[in-house]
Each structure stands twice: as C-alpha cells, then as structure tokens.
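None of the values given here were measured: they were computed from a predicted structure. Lettering of chains follows the sequences in order, A, B, ..., and the numbering in each one begins at 1. Side chains are part of it too, since the values below use all heavy atoms of this structure and drop only hydrogens, waters and symmetry mates.
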There are 2 protein chains.
Amino acid sequence: MHTTSCDRKHDVYDGSCPCRQVLDLLANKWSALALGALENGPHRFGVLRERLDGISPKVLTATLRRLEEQGLVDRTVFPSVPLHVEYSLTALGRDACAPLAALREWVVANIERFPAAGAKTGAR
Amino acid sequence: MHTTSCDRKHDVYDGSCPCRQVLDLLANKWSALALGALENGPHRFGVLRERLDGISPKVLTATLRRLEEQGLVDRTVFPSVPLHVEYSLTALGRDACAPLAALREWVVANIERFPAAGAKTGAR
DNA sequence: GATCGTAGTACCCAAAGGGAACTAACAGCC
DNA sequence: GGCTGTTAGTTCCCTTTGGGTACTACGATC
C-alpha cells in the first residue's frame with residue numbers, strides 16, 4: 001500500500017496530513033466548477049458568476065480567494081475604467097483540472113443512474 | 001426509455017440540473033474518502049470510523065446515509081450479538097470510485113506543490 | 001450631480017460540520 | 001439479577017460554512 005514514489009508520509013486518510021486540507025479544497029462543488037470554468041482561458045468575476053449558475057458573489061469571492069491562496073488561480077486586476085479583474089489558472093491549477101474534469105464528466109455521464117435525477121427529470 | 005446519448009440536457013453548470021446535487025454529494029471530502037475506503041471490500045462502521053481518521057460518528061453516519069440514499073453504498077445489518085453493520089459499494093458506487101480515486105491520488109502526488117504542505121512539512 | 005457597470009463587501013440567517021457524551025440491544029460474567 | 005463490554009449509532013450544543021440581499025467604491029458618461 002505504500003504507493004507513489006517516495007515514502008508514505010503523505011496520505012489523504014491521515015487526518016493530520018496536509019493532503020486532507022487540499023482534498024477538502026478540491027473536493028468541493030464550487031471549486032470543481034470554478035476551476036473547470038477557467039480551463040479554457042481567464043475569465044472575469046462577472047462571467048464566472050454567470051457561468052457558475054446559482055453562486056452568490058460572496059461565495060464566489062470566498063472560493064476564488066481560497067483557490068488563490070493555495071496557488072491554483074491567479075487574480076489580475078486591470079485598473080481600467082469600471083475596474084476589471086481576471087482570474088486565470090496557474091500551472092498547478094491547470095494540472096488539478098484533469099481529475100476534476102473527470103469527476104464532472106462522470107457525473108454527467110452517469111446522472112441517469114441516480115434516483116435524484118430520475119425522479120426529478122422524468123428522464124425523457 | 002431514456003436517450004442516454006448526448007443531448008446536452010444534463011450539465012453540472014446548470015444550477016437546476018440534478019447533476020449539481022450529485023456533484024455536491026461526490027465533491028465532498030468525506031464522501032470521496034468513504035467511497036475509497038470501501039473500494040477494496042465491505043467494511044463495518046467502526047472500521048470506517050478508524051480509517052477515515054478524524055471523522056466523528058455523527059458525520060460518518062450522515063455521509064453514509066447520503067451515499068446510501070443516492071444508491072452508492074448498501075447498508076447490511078447482521079443481527080448478531082453486539083450488532084454488526086456492513087457497508088459496501090453498489091455497482092454505481094464502484095463506478096464512482098474511479099474519478100474519486102484519481103482525485104485523491106492527484107492530491108497525494110502533487111501535495112508538495114501546495115503552500116499548505118510546504119509550510120507544514122518542510123517538504124523534503 | 002445622477003446614473004451606469006464592475007467587483008466586490010457587510011449584514012444576517014440557515015445549514016452543515018464537528019466533538020463529547022449518551023443510548024440501545026444483548027451476551028457473558030460475577 | 002445486575003454489571004460490564006461491544007457495536008452502532010443518536011443527541012446536544014457550538015462553530016463554521018453556505019447563502020441571499022443589499023449596499024459600497026470607483027470613475028466615466030449623460
């Protein structure tokens with residue numbers, strides 16, 4: 001069960017391992033959606049807010065700040081007229097997109113198998 | 001029955017799509033860990049509690065109930081002496097493990113690149 | 001000087017996360 | 001008969017996070 005390359009000092013199943021915090025950050029609805037939204041280029045706050053249908057500005061800010069703190073996204077301010085802020089993926093963020101995209105795609109591909117989906121949509 | 005092919009009626013970016021609920025269920029620290037823990041066979045409540053280091057019984061119960069409701073795990077009660085309950089993956093749960101395992105493994109493989117990890121472990 | 005667009009923040013409430021202690025059921029032991 | 005031990009939770013309470021609405025700041029334009 002010792003995996004990866006080196007020692008097993010890192011383990012998501014160890015509550016005191018920093019892996020746990022990172023997993024908590026990534027295994028989150030809004031993080032997964034936000035990173036996915038940035039996959040195809042930088043976007044502005046307002047665009048993200050529309051794309052992440054249903055998110056409130058407060059939660060979007062919190063999500064982006066957390067991702068920024070952990071080095072997954074960059075926040076660039078253009079001091080233009082009505083102010084313009086762009087969020088983009090860092091190299092780390094781009095790499096993190098792969099497993100998150102897989103998760104999102106799995107959900108869409110398998111949604112019909114879930115009771116929640118069948119009951120609500122009637123699944124034409 | 002249903003057109004499992006590709007209409008785009010299902011989209012995690014649509015807030016009213018049931019995909020969103022399923023994503024919220026799976027994109028969750030404890031769900032990701034619990035499903036992973038069951039990947040190699042059924043386990044009892046107490047074992048899961050130890051394996052998911054740091055989880056409280058209340059949250060473990062809630063997590064397992066949610067996963068059970070959505071058809072990802074089965075709960076089997078053996079009415080033996082001190083009572084014995086086994087949790088196991090359903091076919092759907094087994095399928096969901098793949099993207100979640102990828103996410104967990106990505107975190108472990110890339111943990112050194114995160115400031116949270118570097119700061120705490122000294123990273124080397 | 002009022003209005004518009006952009007990117008937030010402030011305030012407040014509800015839901016979820018989380019820990020410690022407690023319960024239920026029953027076997028075996030003293 | 002009552003005490004203890006085991007397993008799987010539940011209950012209580014508190015903190016944190018999620019979430020919505022309203023509001024602010026900025027300068028340009030009308």
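Placement of Val77(B) and Leu72(B) within a single hydrophobic cluster is found when ILVMFWY residues are connected by side-chain heavy-atom separations under 4.5 Å, directly or transitively.
The listed nucleotides are dG9(D), dT7(D), dA7(C); the one nearest the side chain of Thr61(B) is dG9(D). Counting only heavy atoms from C-beta on, Val85(A) has its side chain closest to dA7(C) among dA7(C), dA10(C), dG18(C). Listed nucleotides dG8(C), dG9(D), dG18(D) differ in distance to Arg65(A); the shortest reach to its side chain belongs to dG8(C). Nearest nucleotide to the side chain of Pro57(B), out of dG17(C), dA7(C), dT10(D): dT10(D). Across dC12(C), dA7(C), dG18(C), the shortest atom-to-atom separation from the side chain of Lys58(A) is found for dC12(C). The nucleotide whose nearest atom lies closest to any side-chain atom of Ser56(A) is, among dG18(C), dG9(D), dG19(D), dG19(D). Distances were taken from every side-chain heavy atom of Val59(B) (C-beta onward) to each of dG18(C), dT21(D), dG9(D); the shortest belongs to dG18(C). Checked against dG17(C), dG8(C), dA8(D), the side chain of Arg75(A) finds its nearest nucleotide in dG8(C).
Between the P atom of dT17(D) and the CH2 atom of Trp30(B) lies a distance of 14 Å, rounded to the nearest Å. Rounded to whole Å, the distance from CZ on Phe45(B) to P on dT6(D) is 17 Å. In this structure, the CG atom of Leu83(B) is 14 Å from the C1' atom of dT10(D), given to the nearest Å. Rounded to an integer number of Å, the gap from CZ of Arg20(A) to P of dG17(C) is 14 Å. The distance between atom CZ of Arg49(A) and atom P of dA7(C), rounded to the nearest whole Å, is 10 Å. Between the P atom of dT6(D) and the CD atom of Glu50(B) lies a distance of 13 Å, rounded to the nearest Å. Counting to the nearest Å, the P atom of dG20(D) and the CG atom of Leu60(A) are 12 Å from each other. The CG-C1' distance, from Asp53(B) to dG18(C), rounds to 14 Å in whole Å.
Looking only at distances, no side-chain donor or acceptor of Arg75(B) sits under 3.5 Å from a matching main-chain atom of Tyr87(B).
Rounding to the nearest 0.5 Å gives a distance of 4.5 Å between CG of Asp95(A) and CZ of Arg113(B). If you take CG on Asp14(A) and CZ on Arg51(B), they are separated by 11.5 Å, rounding to the nearest 0.5 Å.
Using a 4.5 Å heavy-atom cutoff, the side chains of Glu69(A) and Pro115(B) are not in contact. Phe78(A) places none of its side-chain heavy atoms less than 4.5 Å from the side chain of Val85(A).
At a threshold of 4.0 angstrom between heavy atoms, the contacts of Arg44(A) are confined to the sugar-phosphate backbone, with no base atom among them. Across all strands shown, Phe78(B) has no heavy atoms under 4.0 Å from either base or sugar-phosphate atoms.
For Tyr87(B) and dT7(D), the shortest distance from a side-chain N or O to OP1 or OP2 is not below 4.0 Å. OP1 or OP2 of dG17(C) sits under 4.0 Å from a side-chain N or O of Asn28(B).
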Extract all donor-acceptor atom pairs below 3.5 Å that involve side chains of residues 26-47 of chain B and protein atoms in other chains or at least two apart in sequence.
unit_1, atom_1, unit_2, atom_2, d
Asn28(B), OD1, Trp30(B), N, 2.8
Asn28(B), OD1, Ser31(B), N, 2.9
Ser31(B), OG, Leu25(B), O, 2.9
Glu39(B), OE1, Arg104(B), NH2, 3.3
Arg44(B), NH1, His84(B), ND1, 3.4

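Looking at which nucleotide of DNA chain C each of Asp24(A) and Val47(A) is closest to, the 5′-most match is held by Val47(A).
Using five terminal pairs a side, the axes of the helix from dG1(C)-dC30(D) to dC30(C)-dG1(D) at its two ends make an angle of 30°, given in steps of 10 degrees.
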Practice problem: Apply side chain to side chain contact (heavy atoms under 4.5 Å, CB included) to His10(A) and Glu112(B), showing your working. | Solution: CA-CA 9 Å; His10(A) 291 308; Glu112(B) 304 275 5; 3.3 Å; yes
